[in-house]
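The block underneath contains the structure these notes are about, expressed in structure tokens.
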Amino acid sequence: MLYRVGAFVISLVLIGLVVVLSGASPITVIGRMLSGAFGTADQIGRVVATLSPLLLCAAGLVYTFNAGLYNLGVEGQITFGAIAATLVLRLLHPEGASASLAPPPLTIALAIVAGGIGGVLWGLLAGALHVYGRISEIFAGLGLNFAATGIAIYLIFGPWKRPGVASLSGTQPFDESLWLGTFGQTEATPVALILGLIALAITIVVMRNTYFGLRLRAVGKNLRASYVLGVPARRQLLSAFFICGLFAGVAGALQVVGVFHRLIPNISSNLGFLGLLVVMLVNFDPRWILPVAFFFSALNIGSLQLPLSLGLESSLSGVIQGLLVLFALIGRGLAQRYGRKLEH
Amino acid sequence: MRTKRLKVLAVSVLLGLLASACAAPPPAAAPAQPAAPAADQTFTVGMVIVGPMNDKGWNEAHVEGTKYVMEKMPNVKFEYVDKVNPGDRPNVKGSQVADELIAKGAKVVIFNSDDFKDDALETAKKHPNIVVIHASGDYAWKEGKNYKNQPNLGNLMSKMEPGWMIAGCASALGSENGKIGTVGPLINEETRRYASAAYLGARYCWENYKKRDPKELQFKITWIGFWFNIPGVTLDPTKVADDFYNGGFDVVMSAIDTPEVAVQGKKAAEAGKAVKYHHYDYKGGCELAPDICLGVHYYNWGPGYLDIIKRAMEGTYTGTWTWAQADWKDLNNPDTSAFGYIKGKALGAENEKFLDQFIKGLGDGSIDLWKGPLNFQDGSVFLKDGEKATDQQIWYLPQLLEGMEGPSK
């Protein structure tokens with residue numbers, strides 16, 4: 001405990017130092033970022049709109065982390081989910097058509113399902129490369145991230161480009177009937193939030209109360225031992241990729257139907273990487289995901305105030321997030337290493 | 001084992017985050033303050049800027065325009081957010097930035113890129129009492145193809161086509177071998193008509209002043225995919241410019257927002273290559289490499305913005321589509337001309353005379369290059385013999401013109 005608190009305090013001091021070095025007062029920065037995240041209904045809406053896919057990604061990553069896998073491919077799984085969702089939207093509501101072939105709510109639902117399937121495909125691909133090809137899941141995932149982004153760029157530039165335009169700013173926006181409904185005029189969509197919360201709730205139950213969760217942790221703790229004891233390790237690993245891909249793909253679909261209303265090259269908005277940080281910070285324990293993900297979403301949205309009111313670079317918020325996670329990991333490492341020695 | 005992997009992973013993720021933070025350009029200057037506004041009279045205008053506000057190009061030209069407004073009207077204050085694009089600011093949308101600016105008291109919001117057309121419309125619908133200006137679009141053009149009846153949404157664009165003709169002319173005059181390369185942004189109606197205007201100017205001057213055969217003129221454009229470099233996403237404009245300079249093109253024109261063409265041209269010239277460049281967007285463009293600069297056609301947004309903001313303050317602005325004209329009597333007049341042209345050192349005295357003649361001809365209408373016979377790139381007829389293009393035909397140009405190299409769509 002001492003090490004963790006100490007590490008947290010050091011990270012705060014360092015963050016303060018970075019802020020001071022960039023020419024601002026830490027108190028002002030915190031104040032502005034808070035007011036930038038919660039000052040208006042629009043801002044709260046954006047925080048919630050960011051929180052929803054982040055919850056999905058973080059929940060998915062709990063499975064892979066607990067299985068001892070570092071699923072850096074989560075970004076690609078979001079992107080491929082978004083591509084699959086866009087494909088379904090384009091098939092059911094061809095460009096220029098006045099109405100969808102199916103009722104809009106059904107079209108949106110199918111797009112979200114397609115997003116999940118797309119994410120699963122991309123997740124299983126990374127899983128297969130890892131399990132059967134003996135390729136580190138980190139490199140398989142990173143490679144597949146590039147591939148997914150490449151496919152998105154190709155589609156945006158090629159077959160799905162806006163009429164007469166070849167620009168990386170994205171495809172033609174979908175008809176407003178295919179946008180997910182929002183809370184008032186904000187960008188937060190109840191459907192996305194509910195899906196995020198359901199994914200998280202399921203994850204908490206599965207990890208704590210099921211045999212599946214237990215076996216997953218066993219595989220994560222010691223792959224060989226669990227195999228010897230009769231746990232079907234390969235199946236567990238692939239299941240983890242399956243579930244993480246599913247959640248990330250749904251998150252990608254929600255980015256399309258709920259946030260951007262079109263496919264853009266960076267459709268994942270780096271939320272997958274943010275999810276990795278969240279899950280590492282909570283030590284893979286899903287019960288703490290909601291508050292931490294909420295905090296990171298607020299930091300993400302509030303950081304727009306840095307250039308807006310303080311003339312600071314908004315990537316400073318990335319440094320803040322990074323330092324928090326780095327020191328949380330160092331604190332945990334020290335606690336594991338020296339905490340035990342003290343016990344002895 | 002797990003702890004070790006975790007550390008490796010954590011360190012690599014963090015290095016990545018820190019690197020992205022360090023690699024970012026220096027923070028944009030704090031918003032300029034008006035001279036001495038009375039607190040209760042301050043009128044705030046927000047500007048959503050697609051690229052870096054100190055890019056020596058398109059974005060900086062807009063910022064210059066806002067400075068002009070603040071000089072003329074000290075009670076106007078601008079709030080800016082720059083680099084609003086998914087590469088630089090993931091998870092940030094133009095409409096979201098506009099909401100923030102409006103929350104900070106902006107009564108007028110300006111979006112400075114064609115790519116914001118959806119965001120501008122969304123913002124105008126959401127905030128009917130705010131004047132929303134989309135610089136470069138056509139949603140407010142009643143006679144246009146994409147008219148949206150949204151009274152608080154207006155468009156402002158300089159009629160830069162003649163500027164591009166002058167640029168093309170200067171490039172042809174400056175070229176010895178007739179190989180002119182253009183580093184283009186993305187393909188849309190705006191960039192097609194600009195590139196085509198440059199080609200028309202180049203061909204006219206190559207033929208009429210240089211007395212050379214138009215067949216000897218090679219006019220090639222390479223599109224990078226966006227207004228500026230997004231690493232890993234667009235083509236790298238540094239490399240595209242280098243390819244031109246190394247591939248025997250002795251003049252390279254920039255049509256993107258950022259100064260790679262000038263920077264690489266300078267390096268090529270220092271390495272002994274006889275190359276020149278033509279800049280775009282920003283008045284100070286020739287200062288990047290004065291000895292090899294042929295000229296720069298730049299935007300002068302100040303007067304257009306001043307007029308709109310005045311009317312917005314009076315409460316009389318309704319969304320109009322403004323295609324602001326140059327002042328041909330005094331092209332570089334900061335108060336009256338929507339664009340200007342500055343000749344570069346590399347043009348030479350004799351060519352300057354030709355260019356002046358050309359500019360005079362464009363101004364008095366004796367030279368009209370949007371006139372048939374003109375064919376599209378695929379050989380189909382654009383304008384029949386003697387036919388003059390309408391504003392709609394120019395604005396919505398569907399293809400590049402015959403004789404140009406590079407994709408049209």
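All values below come from the heavy atoms of this structure, side chains included, with hydrogens, waters and symmetry mates left out. In this text the structure is predicted, and so the values were computed from the model without any measurement. The chains referred to below are lettered A, B, ... by the order of the sequence lines, with proteins before strands, and numbering in each begins at 1.
Considering all non-hydrogen atoms of both residues, Glu100(B) and Gly36(A) come closest at OE2-O, 4.1 Å.
Residues Arg89(B) and Pro307(A) have side chains in contact (heavy-atom distance under 4.5 Å, counting atoms from C-beta outward). Under the 4.5 Å side-chain criterion, counting only non-hydrogen atoms from C-beta, Leu308(A) is not in contact with Val97(B). Under the 4.5 Å side-chain criterion, counting only non-hydrogen atoms from C-beta, Lys161(A) is not in contact with Ile187(B).
Between chain A and the options Lys409(B), Lys93(B), Gln399(B), heavy-atom pairs under 4.5 Å are most frequent for Lys93(B). Of the listed residues (Ile230(B), Ile224(B), Asn188(B), Thr191(B)), the one with the most heavy-atom contacts under 4.5 Å to chain A is Asn188(B). Listed options Asp99(B), Asp114(B), Val81(B) were ranked by heavy-atom pairs under 4.5 angstrom with chain A; first place goes to Asp99(B). If you tally non-hydrogen atom pairs under 4.5 Å between each of Ile301(A), Leu304(A), Thr149(A) and chain B, the highest count goes to Leu304(A). The greatest number of non-hydrogen atom pairs below 4.5 Å with chain A, out of Leu186(B), Val92(B), Asn85(B), Leu101(B), is found for Leu186(B).
A donor and an acceptor atom, one from each side chain of Asn300(A) and Asn91(B), are located under 3.5 Å apart.
By the neighbour-count criterion of 12 heavy atoms within 6.0 Å, atom NZ of Lys104(B) is densely surrounded, having more than that number from other residues, nucleotides or ligands. With a 6.0 Å radius and a threshold of 12 heavy atoms from other residues, nucleotides or ligands, Tyr147(B) has its OH atom above the threshold. Residue-environment remark: CZ (Phe38(A)) exceeds the threshold of 12 foreign heavy atoms within 6.0 Å.
Residue contact with chain A, scored on non-hydrogen atoms closer than 4.5 Å, involves the backbone and the side chain of Thr234(B) alike. Neither the backbone nor the side chain of Gln172(A) comes within contact range of chain B; no heavy atoms are under 4.5 Å apart.
The structure places CD of Gln43(A) at 9.0 Å from CD of Gln96(B), a figure rounded to the nearest 0.5 Å. Atom NZ of Lys126(B) and atom CG of Asp42(A) lie 3.5 Å apart (nearest 0.5 Å). Note that the CD atom of Glu122(B) and the CD atom of Gln185(A) stand 10.0 Å from one another [nearest 0.5 Å].
The side-chain contact (heavy atoms from CB on, under 4.5 Å) test with Pro90(B) singles out one residue from Leu271(A), Ile264(A), Asn270(A), Ile267(A), and that residue is Asn270(A).
Ion pairing of Arg162(A) with Asp118(B) is present here, as a side-chain N (NZ or NE/NH1/NH2) and a carboxylate O approach within less than 4.0 Å.
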